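For ligands, and for the atoms within them, numbers begin at 1 and follow the listed sequence. Just so it is clear, the structure is predicted and the values come from calculations on it, not from any experiment.
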Amino acid sequence: MYSIIRKKRDGKELSREEIQKFVKGYTNGEIPDYQAAALLMAICLNGMNERETTDLTMAMAHSGDTIDLSMLGELSSDKHSSGGVGDKTTLIAIPIAAVLGCKIAKMSGRGLGHTGGTIDKLESIEGYLTELSPQKLMEQTQKIGIALTAQSGNLAPADKKIYALRDVTATVDSIPLIASSIMSKKLASGAKNIVLDVKVGSGAFMKDIESARSLAKCMVEIGRNCKRNVRAILTNMDVPLGSCVGNSLEVIESVNVLKGKGDKNLLDISCILAAHMASMALRKPYEKMLQEAYNAVKSGAAYGKFLTWIKEQGGNIAYIEDTDLFEKASKEIEVKCEKTGYISSLDAQAVGNICVEAGGGRKEKGDKIDYSAGIVLIKQRGDWVEKGEIIAKIYTNKGNITEKLQKDFLSAVEISDECPKQQPLVYEVVE
Ligand code: URA
């Protein structure tokens, strides 16, 4: 290990064998944290070329269980978001993509830090089973086109260990390390076609387009080298997506979009992601798939597919048919604007942190979540607001935090005399 660390410290290229030795040795406990941390820092400072990054990804992907989706043929599709605030697109895009013909056997994660996770959102639906056996995952996908489960305990265990170490050694923000972390899990999950939603902006990991583009290119290359079809869509995460942040609130918002009465941006981005999934899996033109995606919502077919999926996985669909059944938080805190003008910015990361503070997210892994906690944005970036007008409502069951939450929310908002320029929803597609 000493010579491997020294080689990378001196900016040299590591061989496949050296990378495999590190991943295997660290996963099985033979290599101590201090040596792994030194190598990760050397990678962070000196980078890795495409071949090294692919080898690192493959070694991590094969460090534990892998899922064989070959029975689904060319139609197996997956979608991954690099993490955002109010990002509930999986709940909407997946039923749409399934209506279009994709087969989606998907593993999703939980939220950590200021970003939410699909599994937490789904768990807010009474009865929804988040742990499926590999056999049930496959059977359900063949039957209805969708199955979505929490990540199996032994899927890419090397990533779990390496990620935890990166988190405490200031080695998270490195493109080869992020790309190999995300792609190792996607490769182990088995899908042939993978759409990556790479979020860009204040609420995302990648704060600017250039770094998001480099990350996207790196992941697309890894996919190509591993015989998977990968497309990365760079999307805006300067402001929260949609108007709800928080687990059950986001499920309710998703149901509304699927019923054709939700946020327009959320509908658009979900249809775009579903259309990319379908155009890759079915090898059909993207524009045609986009039209069909909107049609799937308009006709009610996507909503029907969502109901079938939730029911098949044990969820009580009475909650979906009547979203008033979701438990409400005991406190509704109004946030009133202190100035008159346009909302020129609404910091997504800060809104994510407020949601965590209200009880809707975890500060530490293992913390219990309050599914009813969250935020409803009454006003969005670009809206004109009068002093004293309600701009948001925060929901919580916690006591003694009303003033703090109001103050934090007001700090996340900028008011200006000028209407801000409209931001694009999608910056670019990398493939
Ligand atoms: N998401 C991951 O899974 N890994 C990273 O390193 C960053 C984001």
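The existence of a salt bridge linking Asp197 and Lys199 is confirmed by a sub-4.0 Å separation between a basic side-chain nitrogen and an acidic carboxylate oxygen. Under the 4.0 Å criterion applied to side-chain N and carboxylate O atoms, Lys404 and Asp408 are assigned as salt-bridge partners.
Side-chain contact of Asp268 with Tyr294: a donor-acceptor pair under 3.5 Å is present, judged by distance alone.
Residue Arg166 has at least one N or O atom closer than 3.5 Å to an N or O atom of ligand 1. Considering backbone and side-chain N/O atoms, Ser82 never comes within less than 3.5 Å of an N/O atom of ligand 1.
Protein heavy atom at the shortest distance from atom 1 (N) of ligand 1 is Ile182 CG1, 3.7 Å. The nearest heavy-atom contact from the protein to atom 8 (C) of ligand 1 is Phe205 CE2, 3.7 Å. Atom 3 (O) of ligand 1 has as its closest protein heavy atom Lys185 NZ, 2.4 Å. Of all protein heavy atoms, the one closest to atom 4 (N) of ligand 1 is Ser181 OG, 2.6 Å.
Of all atoms in ligand 1, listed by their number and element, those nearer than 4.0 Å to a heavy atom of Tyr163 are 4 (N), 5 (C), 6 (O), 7 (C).
Between Gln380 and Ser243, the closest heavy-atom pair is NE2-CB, 3.5 Å.
The backbone N or O of Glu357 sits less than 3.5 Å from a side-chain atom of Lys398, completing a donor-acceptor pair.
No more than 12 heavy atoms of other residues, nucleotides or ligands lie within 6.0 Å of CD in Gln135, so this atom counts as exposed by the packing criterion.
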